[in-house]
Amino acid sequence: MRRLILTASALAIAATLGGAALADDDDETVTAWRLFVADHSAPVVKVIDALNGDLVDTFTVKGPAALHRSSSGATVFAVQGAQGEVNAIASGITFHDHGDHADIDVDDPELLHVHIDGAKPAHFVELQGNIAQWFDGEDKVRVFTEKAVLDEKLEMRTASVGAAHHGVGVPYQNHVVVSIPNPDDASKRPVGARVVDFDGNAVGEDVACPGLHGSAGSGSLYALACDTGLLLIRQEGDAPAIEHLPYAASLPEGSSSTLIGGRGLQYFIGNYGPDRILVIDPSEGENGFKLVQLPTRRVHFAVDPIRPRFAYVVTEDGQLHKIDVLDGKIAQSLRLTDPYSMDGHWNDPRPRVAVAGDSIVVTDPLNAKLHLVNAETFEESGEIAVEGKPFNIVAVGGTGKVHAHEGEGHSHDDGHAHEDGHSHD
Amino acid sequence: MTMTRLTTFAASLIVITLTSLSGAAQAETERLSVVASFSIIGDFARIIGGDAVEVRTLVGPDSDAHVYEPRPADAIALARADVVLVNGLAFEGFLQRLVDASGTSARIAALSDGIEIVHDPEGGHYHFSGGQAIFHAAPDDPHAWQSVASARVYVENIARVFCEADAEGCAAYEANAAGYLGELTKLDEEIRRAVAAIPEDRRVAVVAHNAFRYFERDYGVSFLAPQGVSTESEASAADVASLIREIREKRASAVFAENIADARLVEQIASEAGLSLGGTLYSDALSPPDGPAPGYVEMMRHNVETLTRAMTGG
Ligand SMILES: [Zn+2]
Ligand SMILES: [Zn+2]
């Protein structure tokens with residue numbers, strides 16, 4: 001086996017891989033990234049231009065919010081658990097996918113006139129434009145579309161979840177996968193998941209998943225974490241189908257309760273004890289689990305939507321770690337903030353991570369700022385001062401071409417996101 | 001933005017190396033490690049490579065490369081590969097980010113290089129702005145393997161790439177390719193004979209995603225499909241209505257499902273057009289080994305038999 005050494009220009013490589021696409025001479029390349037930052041104790045969501053640090057707008061909501069962005073990036077949801085309120089913000093950055101092209105549109109962000117009120121809103125799941133907002137205090141999960149939210153004409157469907165509990169719903173076209181409450185005590189962790197329709201019918205068999213908590217999507221695959229492994233959910237024909245993937249026998253005792261899903265590559269990362277994370281490639285079955293030891297306890301993690309090989313973890317010693325998903329190893333570490341101990345309440349102000357283009361952004365709530373780290377060099381590249389205690393954060397954006405003649409552009413940066421801003425393991 | 005962005009360059013290279021750091025010779029006894037982007041290329045690679053190569057196929061049987069989501073294991077396979085065989089013509093939308101993620105130094109060969117490309121008049125999209133419609137073309141149809149003439153080019157390209165990667169094995173690769181090209185010649189004649197037996201006014205078929213333009217060009221069976229629909233998105237009511245009109249005008253004889261896609265859309269089209277489903281065509285993927293199209297030659301035979309049976313009403 002040998003390799004011939006040839007050289008070719010990067011441009012020729014791109015042309016060969018992608019085929020030749022046409023671009024007009026008057027196309028203009030536009031990059032836009034916005035950070036949505038919620039305060040730890042104040043009822044505000046700030047919108048910050050990630051490229052120049054300018055404050056674009058400040059939206060007042062009812063309470064401190066957990067933030068979720070849709071996979072399209074068109075909408076950011078502010079889930080205010082204690083206030084029983086969910087608000088929706090139009091991000092102002094939208095992409096229109098045309099197969100080989102996507103167009104970018106940049107407008108002002110806007111707090112939409114729709115809000116969803118209910119007892120203890122908690123887990124939020126968006127999948128291909130369908131949204132399931134879970135309420136811990138209700139026995140139904142609410143399902144609606146991102147399009148309806150953006151049109152400000154909310155049409156709500158509900159699916160029964162048996163009894164009020166701290167669970168999760170995953171929305172599909174005509175079905176929802178919902179957690180099954182513990183039959184002895186609904187205040188304990190759910191015991192499994194089932195597929196239900198909007199008429200109160202269960203479809204297929206219940207699937208056991210004791211201690212279910214934590215969920216994430218990666219492309220068209222959705223995963224729920226539990227004590228015994230992951231439940232993997234795929235759309236098959238008309239209805240979603242659930243499959244149980246047990247943790248590899250080689251792993252030490254443990255389980256995941258918080259998941260994030262890869263973008264650009266289909267994988268998941270879960271916590272696995274306080275100071276380890278698990279990188280999971282479900283396509284590899286038993287061999288698809290890689291355990292990564294962290295130097296101290298984990299504070300927050302996020303995947304890189306643009307460099308799919310990497311994910312980032314903040315640990316309580318104030319370090320940001322770059323995780324190589326393929327090797328299952330820490331590739332680089334960088335001291336970024338003062339220590340933030342994981343002792344105390346799970347929701348105390350501690351750093352959160354998001355990726356905006358070439359920057360990894362880490363909130364530093366006790367120092368009223370965001371740290372920017374260059375994703376290529378992995379060196380700190382700047383700071384953005386944010387009044388108060390900047391806490392939860394999501395990023396929306398990408399690059400595209402805007403046509404002089406029509407004010408639209410093209411880009412391929414329209415990946416799928418799933419952030420679970422909520423973590424209390 | 002790290003994805004290498006592609007602009008207006010006409011691709012003319014067959015083989016390229018992304019980086020040139022690997023040593024000239026590695027373990028001599030190992031087999032050539034080949035990654036094929038999808039099942040049809042995987043079949044060609046196994047036939048041309050024989051025992052001297054180890055082939056891993058990314059997008060497997062009955063799967064749709066247009067919407068494939070690559071896995072970490074795929075990136076690892078690319079990183080370890082000597083040769084990566086792809087279709088090109090923007091068929092593998094996932095490929096660039098997979099190559100980026102893998103950091104591979106493998107040789108990447110676009111097998112469609114050198115074929116006679118079908119320029120796809122419907123492979124674009126409109127932008128509506130200020131009451132004006134502006135068309136953006138995506139002009140190259142990637143589904144070239146549906147013509148045996150282009151499959152021959154794929155095979156020749158594979159043999160050349162294997163020879164460049166493994167000079168010692170070259171004679172065997174060339175012999176395997178020559179044998180297989182002989183089979184393809186017979187296959188091509190077989191298809192022509194079968195189509196000739198279909199009455200001319202019956203040679204109009206309906207499919208959901210038009211992967212058969214190369215077949216149409218070379219063999220004279222026309223295919224109608226909803227415009228602007230990929231396997232990814234639902235057809236709009238307007239798309240379907242205009243297709244039904246076209247079906248009536250052109251007197252299509254049968255509607256076909258595809259192995260890579262849900263049949264619901266074509267079932268709807270068939271029932272609205274008052275036609276029956278004529279069976280399943282294999283468009284962008286082979287069947288599993290126990291299916292009717294486990295290899296390229298079997299796939300083309302199966303498709304022609306399915307078309308013939310439905311169109312001759314037999
Ligand atoms: Zn929870
Ligand atoms: Zn296709």
Side-chain angles (χ1 to χ4, degrees), chain A residues 1-8 10-24 29 31 96 98-101 103 218-221 237-238 262 264-267 279 281-284 287-288 306-309 325-326 357-358 375-376 398-399 403 405-408 410-413, chain B residues 1-11 13 15-18 20 22 24-28 30-33 69-73 75-76 79 82 86 88-90 92 95-97 99-102 105 107-108 110 113 125 127 129-130 132 134 136-140 142 164-166 230 262:
Chain A
M1 182 174 67
R2 65 195 56 180
R3 292 184 175 125
L4 214 80
I5 297 172
L6 298 177
T7 54
L11 291 173
I13 290 162
T16 301
L17 297 182
L22 298 180
D24 296 346
T29 299
T31 297
H96 303 280
H98 295 285
D100 67 329
H101 300 87
D103 306 339
S218 182
S220 62
L221 186 62
D238 243 356
L265 285 177
Q266 193 165 70
Y267 72 90
V279 181
D281 179 349
S283 71
E284 293 292 284
N287 300 321
I306 295 151
R307 290 149 293 263
R309 183 172 188 153
V325 169
L326 302 191
D358 290 334
E376 300 292 345
T399 298
H403 309 291
H405 54 267
E406 56 172 334
E408 285 186 284
H410 288 158
S411 140
H412 294 264
D413 254 11
Chain B
M1 169 85 59
T2 52
M3 295 213 334
T4 316
R5 183 72 62 211
L6 133 87
T7 46
T8 54
F9 302 87
L13 293 185
V15 176
I16 41 189
T17 300
L18 290 179
S20 51
S22 58
Q26 299 184 339
E28 293 291 326
E30 278 177 52
R31 299 195 290 169
L32 198 66
S33 172
E69 293 162 345
R71 292 88 205 255
I76 293 167
D82 300 302
V86 305
L89 302 178
E92 296 96 345
L95 194 71
Q96 181 71 61
R97 65 179 190 269
V99 166
D100 286 348
S102 71
S105 57
R107 309 143 57 68
I108 298 180
D113 198 282
H125 55 268
H127 300 262
S129 179
Q132 255 197 314
I134 297 149
H136 279 209
D140 298 337
E164 284 164 357
D166 172 20
S230 75
D262 197 301

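Chain letters run A, B, ... following the sequence lines, proteins first and then strands; every chain starts at 1.
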* Asked: Atom CD of A:E284 and atom CD1 of B:I76: how far apart are they, to the nearest 0.5 Å?
  ->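 Answer rounded to 0.5 Å: 7.5 Å.
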
* Side chain, backbone, both or neither of A:S220 within contact of chain B (heavy atoms, under 4.5 Å) ->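 It is both, since atoms from each part get that close.
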
* Asked: Which bit of A:D238 comes within less than 4.5 Å of chain B, counting heavy atoms only: side chain, backbone, both or neither?
  ->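 A:D238 touches chain B through backbone and side-chain heavy atoms alike.
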
* Going by atom types alone, do B:E69 and A:S218 pair a side-chain donor with an acceptor below 3.5 Å? ->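 Per modelled atom types, B:E69 and A:S218 side chains form no pair under 3.5 Å.
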
* Looking at A:D281, A:L265, A:L221, which one forms a side chain to side chain contact (heavy atoms under 4.5 Å, CB included) with B:R71? ->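 Of A:D281, A:L265, A:L221, side chain to side chain contact (heavy atoms under 4.5 Å, CB included) with B:R71 is met by A:D281 alone.
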
* To do: Among the options B:A101, B:P70, B:P72, pick out the one with the most heavy-atom pairs lying under 4.5 Å from chain A.
  =>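 Ranked by contacts with chain A, first place is B:P72.
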
